[in-house]
Undergrad: 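The structure is given below, and queries will be raised subsequently.
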Amino acid sequence: MNSTMSIEEGIFAQFGQVVGRPMASVLQWKERHAGRKAVGYFSSYVPEELLIASGVLPVRMLSNPDSDAVSEADRHMQRWACAYVRGCFDQGLKGYYAPLDGVVFPRTCESLSYGYDVWCYNVAIPWTFFLAVPTVVDTEAAEEFFMDGLRELLTSLGHLTGKVATNEDLLEAIETCNQSRRLLRELYEMRRAVPSPVAGSASLAAVLSGMVLPRDEHNQLLTELLRSLKGESHTNDAGGGGPRLVISGGNLDNPAFLRLVEEQGAEVVCEDISTTTRHFWDLVKLDNNPLQNIARRYLSKIPDASKHPSDRRIEHLMALVNDYRADGVIYWIRLGCESHAIEYPYIRDRLEEKRIPVLYLELEHRLMSPRQTANRIAAFVEMLASEKGN
Amino acid sequence: MPKRLESSKNLRKLIDGFYNDVFTAEERGVPVAWLTVCVPLEVIRGMGILPFYPESYAAYCSARRITEDLIAIAEAKGYATDLCAYAKTTFGSMISGKGPFGPMPRPSVLISSNNQCGTVINWWRAVGRYYGVPCFFIDAPRVKREPTDSELRYIESQLHSMVGYLEAQTGRKLHESIFQEVMDLSNQALDLYVRILRLRRHRPAPYSAGDIFTHIFPIVTLGGTTLAVEHFQLLLDEIVSRVQRSEGITGHERFRLLWDNIPLWHRLDMFDYLAEKGVVVAADTYTSSWEYPPLDTKDPFKDMARRVTALYTNRGLDYRIKWISRLIEEYQVDGLLWHSNHSCKADSVGQMDLITALQQRYHLPALLFEGDMADLHYYSDDQTKKKFDAFIEMLESRVPA
């Protein structure tokens with residue numbers, strides 16, 4: 001850490017380094033914890049608690065920030081499958097995820113659900129698990145069914161690691177993850193301020209790094225970060241005073257995406273995406289029924305578009321726009337993401353009823369045309385700025 | 001040009017009758033249920049509710065090549081270009097009131113299941129918001145090999161809840177005697193349909209893929225009615241007599257292909273193009289998706305749950321390889337003609353690995369070509385014909401001199 005950096009700058013820089021090279025971070029962890037396993041997971045519907053309780057390092061499947069154009073995946077998966085899933089698959093074929101000992105695929109969107117077999121047939125990662133997450137999330141039958149799936153996952157993890165998680169292990173994991181959620185909520189609360197003291201890109205790095213580092217280590221860094229942020233004034237890296245934007249959509253897994261927005265003169269003040277608030281917003285209840293409480297939390301959390309009902313997600317977005325005093329929303333989804341794409345007209349209409357302008361963007365596995373995207377964002381920001389000035 | 005089936009005239013009447021019934025149902029006070037094609041129809045008909053299938057409707061629009069305007073209306077509303085063309089066709093009709101039969105029939109009930117894809121969940125939800133009607137979803141776990149007890153219990157419990165939803169939405173009850181009668185008729189039609197499919201094992205194939213893709217209509221939409229039973233009996237009789245006369249659809253059947261995926265509804269005449277060159281599509285994964293065993297009328301909900309899991313798109317690649325292998329062997333297939341359907345990830349993702357696995361097993365030539373079941377933006381006649389021609393040349397080159 002650069003000695004001239006403030007503490008929070010140093011911690012954000014650490015987060016950025018982890019997110020810039022997540023697999024290097026996984027390898028370092030495995031060197032420090034010889035014999036233990038690191039397991040990747042897609043989506044915010046895979047309970048990290050089960051992985052942690054089984055002695056595993058949970059690693060969110062983030063796209064390779066240095067990835068080249070998709071090439072190998074074209075031999076197995078059509079170009080119009082979800083760009084994120086296809087991009088990860090391409091990197092899987094190229095060996096990028098080799099440090100992982102396994103991957104959990106949840107039943108969520110089409111590309112993940114149908115891509116699971118394609119992955120298993122072609123990517124040389126020894127252990128995979130398809131977690132049957134219900135699509136309809138608000139019935140007793142769904143909860144019962146999901147718990148069957150979670151028990152299966154625990155059993156399979158037990159075979160992988162040789163450690164069968166106990167209730168006590170689950171309770172401890174819940175406490176760790178809940179602590180993470182509370183700390184991230186604190187960080188996000190700070191972003192309500194005008195101007196926000198934390199850049200969106202830095203905040204995203206803070207959240208994403210927690211999906212790569214061990215949660216307890218990350219919690220310590222977050223605690224230190226928050227202490228430092230509250231201890232002195234902080235100016236927004238993006239310049240402050242620009243239009244305030246909420247990002248809504250699927251997953252954004254690279255702070256570079258939000259930096260691009262900030263470089264056009266806007267502040268990203270919050271996100272309704274599966275890699276930030278939809279991932280950490282809700283706590284797991286802590287009592288003597290840990291597995292049931294985990295099931296309930298993951299089914300009742302702010303839903304992705306592939307789940308039903310989805311009203312809570314819409315209300316969450318509207319609340320963020322209100323609470324964070326947003327001037328506009330960027331609806332940013334992956335190319336080939338059918339579930340978030342179909343939701344767009346309804347969400348746009350709801351926002352426009354509140355006189356909140358919306359910019360719709362589609363994203364490949366990485367920023368393929370950064371200049372074009374920047375131009376579109378710049379035009380949107382300029383329009384918002386002139387409306388704000390009026 | 002292959003000789004068309006006489007029974008197609010009756011099919012025309014059934015289609016016209018079906019849409020007339022559904023599009024005038026509101027005037028007659030009959031509730032209409034918008035369903036995906038794999039929702040258990042017997043319960044719906046058992047309660048005197050008329051089913052309507054937006055997917056079949058979109059296929060109909062595609063066959064008449066009128067989807068372009070409807071899709072453009074949906075895209076102007078903000079629906080992405082990559083979305084399912086069936087969904088966009090429906091949205092276009094809903095928003096504009098335009099379509100071959102006039103404004104869309106207002107739903108009293110909306111039921112879909114993700115056993116066929118995830119898009120139908122969001123699609124039906126969008127329809128529900130538009131009409132102010134709550135949706136009911138049959139959440140079908142994706143089956144790895146055979147369905148587990150937990151999976152079947154989960155689905156069965158939902159099917160019972162579905163009855164409650166239907167009662168609440170329509171005020172109608174499921175009467176046991178009508179339900180039994182509907183199930184018996186459904187089983188009869190299914191038996192006839194399966195026998196018709198199996199007649200394609202004969203050489204020469206007695207009917208074309210274009211024929212069966214259209215004659216699937218009654219099994220999808222009219223299950224549980226005497227109309228479906230009568231039509232399939234008519235069709236079966238006609239095909240049996242063709243088999244007895246060894247009458248094929250082409251003067252000289254040279255190659256038999258297996259088609260994968262939903263067809264190009266707007267270009268069903270491509271099968272005639274192939275037939276004129278002595279090539280027939282003798283088997284396909286789409287029509288065989290309705291090859292169910294009969295419903296156990298004594299324990300129908302358990303059986304319906306099993307059927308929900310059995311759908312082709314709800315199964316993994318291992319199962320699909322087994323399914324397709326059976327078709328290859330039973331229907332004496334010489335090559336694979338596969339449609340990479342831009343509108344359907346459920347049917348299309350995994351095709352490349354399926355082809356690899358099947359080629360390793362059977363050493364069959366394969367053509368995977370790009371298209372779309374209903375969106376003409378993703379289809380080119382000229383390019384497709386060139387690919388078909390090249391594929392036929394390849395088949396010919398494999399025939400010993």
Undergrad: Under 3.5 Å, side chain of Asp347(B) to main-chain N/O of Asn261(B), donor-acceptor pair present?
TA: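 The answer is no, because no donor-acceptor pair under 3.5 Å joins these two groups.
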Undergrad: Identify which of Tyr116(A), Phe130(A), Tyr121(A), Phe145(A) forms the greatest number of heavy-atom pairs closer than 4.5 Å to chain B.
TA: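 Top option by heavy-atom pairs under 4.5 Å: Phe145(A).
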Undergrad: Of the listed residues (Cys82(A), Ala132(A), Ser306(A), Ser113(A)), which shares the most heavy-atom pairs with chain B below a 4.5 Å separation?
TA: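 The answer is Ser113(A).
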Undergrad: So does Ala374(B) get a backbone contact from the side chain of Tyr379(B), meaning a donor-acceptor N/O pair under 3.5 Å?
TA: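 Pair absent, no side-chain N/O of Tyr379(B) close to backbone of Ala374(B).
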Undergrad: With only heavy atoms counted, which part of Glu140(A) is less than 4.5 Å from chain B, the side chain, the backbone, both or neither?
TA: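 Contact with chain B involves no heavy atom of Glu140(A) at all.
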Undergrad: Where on Tyr360(A) is there a heavy atom nearer than 4.5 Å to chain B: the side chain, the backbone, both, or neither?
TA: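 For Tyr360(A), the side chain is the part near chain B, not the backbone.
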Undergrad: Just checking, any donor-acceptor pair under 3.5 angstrom between side chains of Asp139(B) and Tyr154(B)?
TA: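 Looking only at side-chain atoms, Tyr154(B) and Asp139(B) do form a donor-acceptor pair, the distance falling under 3.5 Å.
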Undergrad: Please state whether the side chain, the backbone, both or neither of Asn122(B) comes within less than 4.5 Å of a heavy atom of chain A.
TA: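 Both parts, backbone and side chain.
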Undergrad: Assess, by modelled atom type and distance only, whether the side chains of Ser111(A) and Arg334(A) contain a donor and an acceptor separated by less than 3.5 Å.
TA: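 Note: Ser111(A) and Arg334(A) side chains miss the donor-acceptor criterion.
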Undergrad: At a heavy-atom separation under 4.5 Å, does Arg75(A) approach chain B through its side chain, its backbone, both, or neither?
TA: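 The answer is the backbone of Arg75(A).
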Undergrad: Ignoring hydrogens and geometry, is there a side-chain-to-backbone donor-acceptor pair from Ser300(A) to Arg296(A) under 3.5 Å?
TA: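 Such a contact is found between Ser300(A) side chain and Arg296(A) backbone.
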Undergrad: For Glu338(A) and Gly118(B), indicate whether the former's side chain and the latter's backbone hold a donor-acceptor pair under 3.5 Å.
TA: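 No; zero donor-acceptor contacts below 3.5 Å.
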Undergrad: What part of Phe91(B) lies closer than 4.5 angstrom to a heavy atom of chain A: side chain, backbone, both or neither?
TA: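 The side chain, not the backbone.
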Undergrad: Using atom types as modelled and distance alone, determine if a side-chain donor or acceptor of Asp90(A) lies under 3.5 Å from a backbone N or O of Arg86(A).
TA: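 Checked: no pair found.
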Undergrad: Donor-acceptor pair, Thr36(B) side chain versus Ser113(B) backbone, under 3.5 Å?
TA: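 A pair under 3.5 Å: yes.
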Undergrad: Would you confirm whether Thr313(B), through its side chain, and Asn115(B), through its main-chain N or O, come within 3.5 Å as a donor-acceptor pair?
TA: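 Checking the backbone N and O of Asn115(B) against the side chain of Thr313(B), a donor-acceptor pair under 3.5 Å is found.
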Undergrad: I need the residue from Thr148(B), Ile138(B), Thr119(B), Leu317(B) with the largest number of non-hydrogen atom pairs under 4.5 Å to chain A.
TA: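 Of the options given, most contacts go to Leu317(B).
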Undergrad: So, for Asp272(A) and His316(A), which heavy atoms are closest and what is the spacing to 0.1 Å?
TA: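 Scanning both residues completely, I find the closest heavy atoms to be OD1-CD2, 3.9 Å.
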Undergrad: Chain A: which of Lys144(B), Arg129(B), Lys88(B) shares the most heavy-atom pairs with it under 4.5 Å?
TA: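 The candidate making the most pairs under 4.5 Å is Arg129(B).
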Undergrad: Side chain, backbone, both or neither: which part of Ser157(B) has a heavy atom under 4.5 Å from chain A?
TA: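 For Ser157(B), side-chain heavy atoms alone lie under 4.5 Å from chain A.
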Undergrad: Tell me, out of Ala80(B), Ala87(B), Ser340(B), Ala126(B), who's got the most heavy-atom pairs with chain A below 4.5 Å.
TA: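 The option with the most such pairs is Ser340(B).
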Undergrad: Counting only heavy atoms closer than 4.5 Å, note whether Thr108(A) contacts chain B via side chain, backbone, both or neither.
TA: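 Looking at Thr108(A), nothing touches chain B.
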Undergrad: Is a side-chain donor-acceptor pair under 3.5 Å present for Ser343(B) with Asn341(B)?
TA: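 On atom types as modelled, these side chains do not qualify, holding no pair under 3.5 Å.
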Undergrad: Using heavy-atom distances under 4.5 Å, tell me whether Glu151(B) contacts chain A through its side chain, its backbone, both, or neither.
TA: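 The answer is both parts of Glu151(B).
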Undergrad: Looking at chain A, which one of Tyr130(B), Tyr79(B), Trp123(B) has the largest number of heavy-atom pairs inside 4.5 Å, strictly under?
TA: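 Among Tyr130(B), Tyr79(B), Trp123(B), the one with the most close pairs to chain A is Tyr79(B).
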Undergrad: What residue, out of Asp82(B), Val349(B), Thr81(B), has the most heavy-atom pairs lying under 4.5 Å from chain A?
TA: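 Among Asp82(B), Val349(B), Thr81(B), the one with the most close pairs to chain A is Val349(B).
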Undergrad: Most heavy-atom pairs under 4.5 angstrom with chain B, which of Thr139(A), Ile333(A), Asn122(A)?
TA: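 Answer, by heavy-atom pair count under 4.5 Å with chain B: Asn122(A).
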Undergrad: Taking Lys77(B), Gln351(B), Arg153(B), His342(B) one by one, which has the highest count of heavy-atom pairs under 4.5 Å against chain A?
TA: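 Top option by heavy-atom pairs under 4.5 Å: His342(B).
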Undergrad: Chain B heavy atoms under 4.5 Å from Tyr346(A): which part of the residue, side chain, backbone, both or neither?
TA: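 The side chain, not the backbone.
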